[in-house]
Number of protein chains: 2
Amino acid sequence: MGRKARYDKEQFIGGALKILAERGPAGVTMNAVAEETGAPIGSVYHRFVSRDVLMAELWFQVVESFQRGFLIALEQGDGLEAALHTPRWVREHPKEGRVLLLHRRDDFSRGEWPDDIKAHAVSLAAELRKGIRSFVRKKFGRMSKRAMDRTVFVLVDAPHAAVRRYLESDEVPPDIVDELIRETYYAVYKEDL
Amino acid sequence: MGRKARYDKEQFIGGALKILAERGPAGVTMNAVAEETGAPIGSVYHRFVSRDVLMAELWFQVVESFQRGFLIALEQGDGLEAALHTPRWVREHPKEGRVLLLHRRDDFSRGEWPDDIKAHAVSLAAELRKGIRSFVRKKFGRMSKRAMDRTVFVLVDAPHAAVRRYLESDEVPPDIVDELIRETYYAVYKEDL
DNA sequence: GACATATTAGAATAATCATTCTAGTATTGA
DNA sequence: TCAATACTAGAATGATTATTCTAATATGTC
(Lines give C-alpha, C1' and ligand atoms only; values in the text may rest on other atoms or scores of the structure.)
Protein backbone atom coordinates (compact mmCIF):
# COMPACT_ATOMS: atom_id res chain seq x y z
CA MET A 1 0.00 0.00 0.00
CA GLY A 2 1.88 2.92 -1.29
CA ARG A 3 5.43 4.09 -1.39
CA LYS A 4 7.85 3.83 1.54
CA ALA A 5 8.28 7.13 3.39
CA ARG A 6 11.59 8.89 3.21
CA TYR A 7 10.79 11.49 5.89
CA ASP A 8 8.72 11.19 9.04
CA LYS A 9 7.29 13.56 11.62
CA GLU A 10 10.25 13.17 13.93
CA GLN A 11 12.65 14.48 11.35
CA PHE A 12 10.60 17.57 10.67
CA ILE A 13 10.10 18.24 14.36
CA GLY A 14 13.81 17.78 14.87
CA GLY A 15 14.56 20.21 12.08
CA ALA A 16 12.14 22.73 13.53
CA LEU A 17 13.79 22.40 16.94
CA LYS A 18 17.20 23.02 15.47
CA ILE A 19 16.06 26.08 13.55
CA LEU A 20 14.24 27.43 16.56
CA ALA A 21 17.37 27.23 18.65
CA GLU A 22 19.45 28.91 15.97
CA ARG A 23 17.14 31.57 14.58
CA GLY A 24 14.23 31.92 16.99
CA PRO A 25 10.53 31.21 16.42
CA ALA A 26 10.14 33.47 13.40
CA GLY A 27 12.90 31.54 11.66
CA VAL A 28 10.85 28.39 11.70
CA THR A 29 9.14 28.75 8.34
CA MET A 30 7.85 25.72 6.52
CA ASN A 31 10.41 26.23 3.79
CA ALA A 32 13.17 26.43 6.37
CA VAL A 33 12.03 23.18 7.96
CA ALA A 34 11.90 21.48 4.58
CA GLU A 35 15.33 22.72 3.65
CA GLU A 36 16.85 21.82 7.01
CA THR A 37 15.52 18.30 6.63
CA GLY A 38 16.47 18.03 2.99
CA ALA A 39 12.87 17.34 2.08
CA PRO A 40 10.52 19.11 -0.32
CA ILE A 41 7.93 21.30 1.30
CA GLY A 42 5.17 19.07 0.03
CA SER A 43 6.42 16.31 2.29
CA VAL A 44 6.24 18.57 5.30
CA TYR A 45 2.62 19.32 4.50
CA HIS A 46 2.02 15.66 3.94
CA ARG A 47 2.84 15.15 7.64
CA PHE A 48 1.46 18.31 9.20
CA VAL A 49 -1.74 20.06 8.21
CA SER A 50 -0.27 23.44 8.99
CA ARG A 51 2.64 25.24 10.51
CA ASP A 52 0.66 25.82 13.68
CA VAL A 53 0.17 22.12 14.10
CA LEU A 54 3.84 21.42 13.50
CA MET A 55 4.80 23.93 16.17
CA ALA A 56 2.18 22.54 18.51
CA GLU A 57 3.53 19.04 18.12
CA LEU A 58 7.04 20.25 18.74
CA TRP A 59 5.81 21.88 21.92
CA PHE A 60 3.99 18.74 23.01
CA GLN A 61 7.03 16.59 22.50
CA VAL A 62 9.19 18.89 24.59
CA VAL A 63 6.67 19.50 27.34
CA GLU A 64 5.94 15.82 27.58
CA SER A 65 9.58 15.06 28.12
CA PHE A 66 9.91 17.83 30.67
CA GLN A 67 6.77 16.84 32.49
CA ARG A 68 7.72 13.19 32.66
CA GLY A 69 10.80 14.03 34.69
CA PHE A 70 8.91 16.48 36.82
CA LEU A 71 6.28 13.94 37.74
CA ILE A 72 8.83 11.30 38.55
CA ALA A 73 10.64 13.73 40.83
CA LEU A 74 7.36 14.63 42.44
CA GLU A 75 6.46 11.03 43.08
CA GLN A 76 9.81 9.71 44.16
CA GLY A 77 11.61 12.63 45.75
CA ASP A 78 9.81 15.31 47.67
CA GLY A 79 8.45 18.57 46.33
CA LEU A 80 11.79 20.31 46.45
CA GLU A 81 13.19 17.76 44.07
CA ALA A 82 10.38 18.54 41.65
CA ALA A 83 10.82 22.29 42.01
CA LEU A 84 14.49 21.98 41.19
CA HIS A 85 13.76 19.77 38.23
CA THR A 86 13.02 22.86 36.15
CA PRO A 87 16.46 24.51 36.23
CA ARG A 88 18.17 21.14 35.98
CA TRP A 89 16.20 19.99 32.98
CA VAL A 90 16.71 23.29 31.26
CA ARG A 91 20.46 23.06 31.76
CA GLU A 92 20.49 19.61 30.27
CA HIS A 93 18.24 20.58 27.36
CA PRO A 94 19.28 24.02 26.20
CA LYS A 95 17.63 23.77 22.78
CA GLU A 96 14.40 22.41 24.19
CA GLY A 97 14.22 25.06 26.87
CA ARG A 98 13.21 27.76 24.44
CA VAL A 99 10.38 25.62 23.18
CA LEU A 100 8.73 25.84 26.56
CA LEU A 101 8.11 29.53 25.97
CA LEU A 102 6.24 28.86 22.75
CA HIS A 103 2.85 28.00 24.21
CA ARG A 104 0.83 27.85 27.36
CA ARG A 105 -1.15 24.80 28.33
CA ASP A 106 -4.49 26.40 27.61
CA ASP A 107 -3.58 27.84 24.23
CA PHE A 108 -5.20 24.79 22.75
CA SER A 109 -8.58 25.14 24.36
CA ARG A 110 -9.25 28.51 22.76
CA GLY A 111 -9.28 28.76 19.00
CA GLU A 112 -9.39 26.23 16.22
CA TRP A 113 -7.27 23.19 16.75
CA PRO A 114 -7.61 19.70 15.35
CA ASP A 115 -9.28 17.31 17.77
CA ASP A 116 -6.21 15.23 18.44
CA ILE A 117 -4.24 18.32 19.39
CA LYS A 118 -6.94 19.38 21.81
CA ALA A 119 -7.11 15.91 23.25
CA HIS A 120 -3.36 15.80 23.66
CA ALA A 121 -3.40 19.08 25.54
CA VAL A 122 -6.19 17.95 27.79
CA SER A 123 -4.50 14.69 28.69
CA LEU A 124 -1.18 16.40 29.35
CA ALA A 125 -2.84 18.89 31.67
CA ALA A 126 -4.81 16.18 33.41
CA GLU A 127 -1.69 14.14 34.01
CA LEU A 128 0.02 17.13 35.59
CA ARG A 129 -2.93 18.04 37.74
CA LYS A 130 -3.28 14.48 38.90
CA GLY A 131 0.39 14.36 39.89
CA ILE A 132 0.18 17.57 41.84
CA ARG A 133 -3.07 16.56 43.47
CA SER A 134 -1.71 13.34 44.76
CA PHE A 135 1.43 15.11 45.92
CA VAL A 136 -0.68 17.56 47.91
CA ARG A 137 -2.61 14.72 49.47
CA LYS A 138 0.56 12.86 50.32
CA LYS A 139 2.18 15.92 51.84
CA PHE A 140 -0.74 17.45 53.70
CA GLY A 141 -3.05 14.54 54.20
CA ARG A 142 -5.92 16.44 52.59
CA MET A 143 -6.81 18.56 49.60
CA SER A 144 -7.70 22.25 49.49
CA LYS A 145 -7.79 25.01 46.93
CA ARG A 146 -5.31 26.88 49.04
CA ALA A 147 -2.83 24.04 49.20
CA MET A 148 -3.12 23.55 45.45
CA ASP A 149 -2.53 27.23 44.65
CA ARG A 150 0.53 27.31 46.83
CA THR A 151 1.90 24.12 45.46
CA VAL A 152 1.48 25.26 41.89
CA PHE A 153 3.30 28.45 42.70
CA VAL A 154 6.15 26.75 44.50
CA LEU A 155 6.61 23.84 42.11
CA VAL A 156 5.69 25.42 38.81
CA ASP A 157 5.37 29.20 38.63
CA ALA A 158 8.32 30.23 40.76
CA PRO A 159 10.80 27.85 39.11
CA HIS A 160 9.61 28.89 35.68
CA ALA A 161 9.96 32.53 36.62
CA ALA A 162 13.43 32.02 37.95
CA VAL A 163 14.48 30.34 34.74
CA ARG A 164 12.57 32.36 32.20
CA ARG A 165 14.87 35.32 31.77
CA TYR A 166 17.73 32.97 30.98
CA LEU A 167 15.74 30.98 28.48
CA GLU A 168 14.77 34.17 26.73
CA SER A 169 18.33 35.20 26.20
CA ASP A 170 19.77 31.74 25.56
CA GLU A 171 21.77 31.61 28.74
CA VAL A 172 22.26 28.71 31.08
CA PRO A 173 20.48 29.37 34.38
CA PRO A 174 23.14 30.01 37.05
CA ASP A 175 23.24 28.33 40.45
CA ILE A 176 21.58 31.20 42.25
CA VAL A 177 18.39 30.12 40.54
CA ASP A 178 18.37 26.86 42.45
CA GLU A 179 19.05 28.66 45.63
CA LEU A 180 16.12 31.01 45.17
CA ILE A 181 13.77 28.20 44.25
CA ARG A 182 14.85 26.31 47.33
CA GLU A 183 14.22 29.26 49.60
CA THR A 184 10.88 30.02 48.07
CA TYR A 185 9.97 26.42 48.60
CA TYR A 186 10.79 26.42 52.28
CA ALA A 187 9.18 29.81 52.75
CA VAL A 188 5.84 29.07 51.26
CA TYR A 189 5.60 25.63 52.74
CA LYS A 190 6.48 26.83 56.20
CA GLU A 191 3.10 28.52 56.45
CA ASP A 192 0.23 26.53 57.76
CA LEU A 193 -1.98 25.04 55.13
CA MET B 1 5.01 76.28 10.37
CA GLY B 2 2.88 73.89 8.42
CA ARG B 3 -0.51 72.43 8.95
CA LYS B 4 -2.02 71.70 12.38
CA ALA B 5 -1.95 68.03 13.29
CA ARG B 6 -5.20 66.16 13.56
CA TYR B 7 -3.65 63.01 15.10
CA ASP B 8 -0.75 62.67 17.46
CA LYS B 9 1.38 59.82 18.82
CA GLU B 10 -0.76 59.43 21.90
CA GLN B 11 -3.85 58.67 19.90
CA PHE B 12 -2.13 55.98 17.87
CA ILE B 13 -0.57 54.44 20.94
CA GLY B 14 -3.95 54.52 22.61
CA GLY B 15 -5.53 52.80 19.63
CA ALA B 16 -2.83 50.18 19.61
CA LEU B 17 -3.38 49.54 23.31
CA LYS B 18 -7.09 49.07 22.80
CA ILE B 19 -6.61 46.68 19.92
CA LEU B 20 -3.99 44.75 21.83
CA ALA B 21 -6.37 44.24 24.72
CA GLU B 22 -9.17 43.12 22.44
CA ARG B 23 -7.41 41.04 19.80
CA GLY B 24 -3.93 40.30 21.08
CA PRO B 25 -0.57 41.37 19.67
CA ALA B 26 -1.12 39.95 16.19
CA GLY B 27 -4.23 42.05 15.88
CA VAL B 28 -2.22 45.23 16.11
CA THR B 29 -1.59 45.83 12.42
CA MET B 30 -0.85 49.28 11.12
CA ASN B 31 -4.14 49.34 9.24
CA ALA B 32 -6.01 48.33 12.37
CA VAL B 33 -4.39 51.13 14.34
CA ALA B 34 -5.26 53.63 11.62
CA GLU B 35 -8.83 52.45 11.45
CA GLU B 36 -9.27 52.38 15.21
CA THR B 37 -8.06 55.96 15.40
CA GLY B 38 -10.05 57.09 12.38
CA ALA B 39 -6.87 58.20 10.67
CA PRO B 40 -5.37 57.23 7.32
CA ILE B 41 -2.44 54.88 7.49
CA GLY B 42 -0.15 57.54 6.11
CA SER B 43 -0.65 59.56 9.28
CA VAL B 44 0.41 56.63 11.39
CA TYR B 45 3.61 56.35 9.40
CA HIS B 46 4.06 60.07 9.70
CA ARG B 47 4.41 59.56 13.46
CA PHE B 48 6.13 56.19 13.66
CA VAL B 49 8.86 54.95 11.36
CA SER B 50 7.65 51.40 11.63
CA ARG B 51 5.29 49.10 13.43
CA ASP B 52 8.13 47.87 15.60
CA VAL B 53 8.78 51.36 16.80
CA LEU B 54 5.11 51.96 17.50
CA MET B 55 4.95 48.81 19.59
CA ALA B 56 8.17 49.73 21.33
CA GLU B 57 6.82 53.13 22.27
CA LEU B 58 3.64 51.60 23.56
CA TRP B 59 5.74 49.31 25.71
CA PHE B 60 7.86 52.18 26.98
CA GLN B 61 4.85 54.21 27.95
CA VAL B 62 3.36 51.35 29.93
CA VAL B 63 6.59 50.23 31.56
CA GLU B 64 7.43 53.76 32.50
CA SER B 65 4.14 54.18 34.25
CA PHE B 66 4.53 50.85 36.01
CA GLN B 67 8.09 51.52 37.00
CA ARG B 68 7.32 54.98 38.35
CA GLY B 69 4.97 53.49 40.93
CA PHE B 70 7.36 50.70 41.70
CA LEU B 71 10.22 53.06 42.42
CA ILE B 72 8.10 55.29 44.59
CA ALA B 73 6.99 52.27 46.59
CA LEU B 74 10.58 51.17 46.88
CA GLU B 75 11.72 54.52 48.12
CA GLN B 76 8.90 55.39 50.45
CA GLY B 77 7.57 52.08 51.69
CA ASP B 78 9.81 49.09 52.26
CA GLY B 79 10.62 46.32 49.81
CA LEU B 80 7.42 44.46 50.46
CA GLU B 81 5.43 47.45 49.34
CA ALA B 82 7.36 47.44 46.07
CA ALA B 83 6.96 43.70 45.60
CA LEU B 84 3.21 44.02 46.00
CA HIS B 85 3.08 46.92 43.61
CA THR B 86 3.08 44.49 40.70
CA PRO B 87 -0.23 42.70 41.39
CA ARG B 88 -1.83 45.93 42.49
CA TRP B 89 -0.84 47.88 39.45
CA VAL B 90 -1.93 45.08 37.18
CA ARG B 91 -5.33 44.99 38.81
CA GLU B 92 -5.73 48.69 38.27
CA HIS B 93 -4.48 48.56 34.70
CA PRO B 94 -5.88 45.45 33.09
CA LYS B 95 -5.32 46.59 29.51
CA GLU B 96 -1.80 47.76 30.20
CA GLY B 97 -0.87 44.54 31.96
CA ARG B 98 -0.68 42.58 28.75
CA VAL B 99 1.68 45.11 27.29
CA LEU B 100 4.26 44.15 29.87
CA LEU B 101 4.58 40.75 28.21
CA LEU B 102 5.42 42.31 24.86
CA HIS B 103 9.11 42.97 25.41
CA ARG B 104 11.99 42.43 27.74
CA ARG B 105 14.23 45.25 28.80
CA ASP B 106 17.16 44.06 26.75
CA ASP B 107 15.22 43.49 23.53
CA PHE B 108 16.42 46.90 22.49
CA SER B 109 20.10 46.33 22.89
CA ARG B 110 20.18 43.51 20.37
CA GLY B 111 19.09 44.23 16.83
CA GLU B 112 18.46 47.39 14.88
CA TRP B 113 16.63 50.09 16.79
CA PRO B 114 16.61 53.84 16.28
CA ASP B 115 18.98 55.65 18.61
CA ASP B 116 16.29 57.33 20.67
CA ILE B 117 14.63 53.99 21.34
CA LYS B 118 17.91 52.51 22.49
CA ALA B 119 18.58 55.51 24.66
CA HIS B 120 15.13 55.30 26.16
CA ALA B 121 15.66 51.65 27.03
CA VAL B 122 19.02 52.36 28.57
CA SER B 123 17.76 55.18 30.74
CA LEU B 124 14.76 53.18 31.88
CA ALA B 125 16.96 50.28 32.88
CA ALA B 126 19.43 52.56 34.58
CA GLU B 127 16.69 54.21 36.59
CA LEU B 128 15.45 50.85 37.79
CA ARG B 129 18.90 49.58 38.65
CA LYS B 130 19.66 52.72 40.51
CA GLY B 131 16.49 52.43 42.55
CA ILE B 132 17.18 48.83 43.45
CA ARG B 133 20.82 49.57 44.24
CA SER B 134 19.98 52.28 46.67
CA PHE B 135 17.29 50.12 48.20
CA VAL B 136 19.83 47.36 48.77
CA ARG B 137 22.23 49.79 50.35
CA LYS B 138 19.51 51.21 52.54
CA LYS B 139 18.34 47.79 53.65
CA PHE B 140 21.64 45.98 54.09
CA GLY B 141 24.08 48.78 54.61
CA ARG B 142 26.27 47.46 51.79
CA MET B 143 26.15 46.22 48.24
CA SER B 144 26.86 42.72 46.94
CA LYS B 145 26.09 40.69 43.85
CA ARG B 146 24.29 38.24 46.04
CA ALA B 147 22.07 40.84 47.64
CA MET B 148 21.25 42.28 44.24
CA ASP B 149 20.34 38.89 42.76
CA ARG B 150 18.05 38.12 45.65
CA THR B 151 16.46 41.49 45.61
CA VAL B 152 15.74 41.32 41.90
CA PHE B 153 14.16 37.95 42.38
CA VAL B 154 12.02 38.99 45.31
CA LEU B 155 10.95 42.37 44.02
CA VAL B 156 10.76 41.73 40.30
CA ASP B 157 10.91 38.14 39.11
CA ALA B 158 8.74 36.47 41.70
CA PRO B 159 5.94 39.04 41.52
CA HIS B 160 5.99 38.89 37.75
CA ALA B 161 5.86 35.13 37.89
CA ALA B 162 2.95 35.15 40.24
CA VAL B 163 1.04 37.49 37.99
CA ARG B 164 2.04 36.25 34.57
CA ARG B 165 -0.38 33.40 34.12
CA TYR B 166 -3.26 35.74 34.82
CA LEU B 167 -2.03 38.36 32.41
CA GLU B 168 -1.72 35.76 29.72
CA SER B 169 -5.31 34.72 30.03
CA ASP B 170 -6.75 38.15 30.72
CA GLU B 171 -7.74 37.41 34.26
CA VAL B 172 -7.43 39.63 37.30
CA PRO B 173 -4.79 38.25 39.66
CA PRO B 174 -6.54 36.87 42.75
CA ASP B 175 -5.56 37.67 46.32
CA ILE B 176 -3.54 34.53 46.79
CA VAL B 177 -0.96 36.13 44.53
CA ASP B 178 -0.24 38.84 47.10
CA GLU B 179 0.00 36.25 49.77
CA LEU B 180 2.56 34.24 47.86
CA ILE B 181 4.62 37.29 47.03
CA ARG B 182 4.59 38.29 50.65
CA GLU B 183 5.77 34.90 51.81
CA THR B 184 8.46 34.69 49.20
CA TYR B 185 9.62 38.07 50.31
CA TYR B 186 9.96 37.12 53.95
CA ALA B 187 11.54 33.82 53.08
CA VAL B 188 14.26 35.02 50.84
CA TYR B 189 15.09 37.97 52.99
CA LYS B 190 15.26 35.88 56.12
CA GLU B 191 18.46 34.32 54.86
CA ASP B 192 21.66 36.05 55.70
CA LEU B 193 23.00 38.28 53.02
C1' DG C 1 3.24 -6.97 -14.60
C1' DA C 2 -0.46 -3.83 -13.56
C1' DC C 3 -3.11 -1.32 -10.15
C1' DA C 4 -3.82 1.32 -6.11
C1' DT C 5 -1.94 4.53 -3.19
C1' DA C 6 1.29 6.71 0.00
C1' DT C 7 4.69 9.71 -0.81
C1' DT C 8 7.95 12.87 -3.04
C1' DA C 9 8.70 17.19 -5.79
C1' DG C 10 8.55 21.87 -6.00
C1' DA C 11 6.54 25.40 -8.82
C1' DA C 12 2.53 28.29 -8.59
C1' DT C 13 -0.84 30.63 -5.78
C1' DA C 14 -2.79 33.36 -2.27
C1' DA C 15 -3.15 35.95 1.73
C1' DT C 16 -1.42 39.05 4.81
C1' DC C 17 0.74 43.07 6.08
C1' DA C 18 4.32 46.54 6.41
C1' DT C 19 5.81 50.13 3.87
C1' DT C 20 6.09 53.52 0.07
C1' DC C 21 4.51 57.02 -2.92
C1' DT C 22 2.18 60.67 -5.04
C1' DA C 23 -1.31 64.08 -4.55
C1' DG C 24 -3.70 67.05 -2.06
C1' DT C 25 -4.64 70.35 2.25
C1' DA C 26 -4.47 73.40 6.04
C1' DT C 27 -1.69 76.50 8.66
C1' DT C 28 2.09 79.66 9.72
C1' DG C 29 5.01 83.46 8.70
C1' DA C 30 6.50 87.00 5.56
C1' DT D 1 -1.66 86.82 -0.77
C1' DC D 2 2.07 83.77 -1.36
C1' DA D 3 5.47 80.42 -0.23
C1' DA D 4 6.99 76.92 2.76
C1' DT D 5 5.86 72.94 5.09
C1' DA D 6 3.79 69.68 8.37
C1' DC D 7 0.41 66.88 7.73
C1' DT D 8 -3.60 64.11 5.76
C1' DA D 9 -5.22 60.60 2.32
C1' DG D 10 -5.29 56.16 0.83
C1' DA D 11 -4.26 53.55 -3.20
C1' DA D 12 -0.39 50.89 -4.93
C1' DT D 13 3.62 48.17 -4.02
C1' DG D 14 6.51 44.68 -2.22
C1' DA D 15 8.05 41.14 0.61
C1' DT D 16 7.30 37.34 3.11
C1' DT D 17 5.23 32.99 3.91
C1' DA D 18 1.75 29.61 4.42
C1' DT D 19 -0.67 26.73 1.56
C1' DT D 20 -2.26 24.46 -2.66
C1' DC D 21 -1.90 21.84 -6.79
C1' DT D 22 -0.49 18.93 -10.39
C1' DA D 23 2.80 15.72 -11.83
C1' DA D 24 5.95 12.23 -10.95
C1' DT D 25 7.63 7.94 -8.19
C1' DA D 26 8.09 4.07 -5.48
C1' DT D 27 6.15 0.14 -3.15
C1' DG D 28 2.94 -3.27 -1.66
C1' DT D 29 -0.89 -6.26 -3.43
C1' DC D 30 -3.43 -9.01 -6.83
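Source: prediction; values computed, not measured. Residue numbers begin at 1 in each chain, while the letters A, B, ... track the order of the sequences.
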Salt-bridged, [X] to [Y], with N to O below 4.0 Å?
| X | Y | answer |
| --- | --- | --- |
| A:Glu168 | A:Arg98 | no |
| B:Arg182 | B:Asp178 | no |
| A:Arg146 | B:Glu179 | yes |

Notebook entry, point to check: Atom CZ of B:Arg88 and atom CD1 of B:Ile181: how far apart are they, to the nearest 0.5 Å?
Noted result: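 Spacing of CZ (B:Arg88) from CD1 (B:Ile181) equals 9.5 Å.
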Check: If you find the nucleotide of DNA chain C closest to B:Lys4 and the one closest to A:Gly38, which residue's nucleotide is nearer the 5' end?
Finding: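 On the 5' side of the pair lies A:Gly38.
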Check: Relative to the 5' end of DNA chain C, which residue comes earlier, B:Val49 or B:Arg6, by the nucleotide with the nearest heavy atom?
Finding: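 Checking each residue's closest nucleotide, the 5'-ward one belongs to B:Val49.
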For atom [atom1] of [X] and atom [atom2] of [N], their distance in whole Å:
| X | N | atom1 | atom2 | answer |
| --- | --- | --- | --- | --- |
| A:Asp52 | D:dA18 | CG | C1' | 10 Å |
| A:Arg3 | D:dT29 | CZ | C1' | 18 Å |
| A:His46 | D:dT19 | NE2 | C1' | 16 Å |

Check: Are the aromatic rings of B:Trp59 and B:Phe108 close, with centres under 6.0 Å apart?
Finding: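 Distance test on ring centres: under 6.0 Å, yes.
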Next item on the list: Measure centre to centre between the rings of A:Phe140 and A:Phe135, then say whether the value is under 6.0 Å.
Entry: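 No, they do not, as the ring centres are separated by 6.0 Å or more.
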Note to self: Check the phosphate of D:dA6 against B:Arg47, side-chain N and O only, distance under 4.0 Å to OP1 or OP2. Yes or no?
What the structure shows: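 Answer is no, no contact under 4.0 Å.
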Next item on the list: Look at the side-chain N and O atoms of A:Tyr45 and state whether any lies under 4.0 Å from the OP1 or OP2 oxygen of D:dT17.
Entry: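 Answer no for this pair, as no side-chain N or O of A:Tyr45 is under 4.0 Å from OP1 or OP2.
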Which atoms of nucleotides 10-14 of chain D (N or O only) lie under 3.5 Å from a protein N or O atom, and what are those distances?
unit_1 : atom_1 : unit_2  : atom_2 : d
D:dG10 : N7     : B:Gly42 : N      : 3.3

Checking side-chain polar atoms at under 3.5 Å, does [X] have a donor or acceptor matched by the opposite partner on [Y]?
| X | Y | value |
| --- | --- | --- |
| A:Thr151 | A:Tyr189 | yes |
| A:Gln76 | A:Glu81 | no |
| A:Glu57 | A:His120 | no |

Item checked: Heavy atoms of other groups near A:Glu22 CD, more than 12 under 6.0 Å ->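 For A:Glu22, atom CD is crowded (more than 12 foreign heavy atoms under 6.0 Å).
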Margin query: Tell me whether the count of non-hydrogen atoms from other residues, nucleotides or ligands lying under 6.0 Å of NZ in A:Lys138 goes above 12.
Written below: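 More than 12 heavy atoms, drawn from other residues, nucleotides or ligands, come within 6.0 Å of this atom.
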Note to self: Could you tell me the boundaries of the chain A footprint on DNA chain C, defined by atoms under 4.0 Å from its heavy atoms?
What the structure shows: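 Using the under 4.0 Å cut-off, the span is C:dT5 to C:dA11.
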Note to self: Closest approach to the side chain of A:Met30, judged atom by atom: which nucleotide of D:dA18, D:dC7, D:dT25 is it?
What the structure shows: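 Closest of the options to the side chain of A:Met30: D:dA18.
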Next item on the list: Please work out which residues in residues 8-26 of chain B have a non-hydrogen atom less than 4.0 Å from an atom of DNA chain C and list them by number.
Entry: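 By residue number: none to list.
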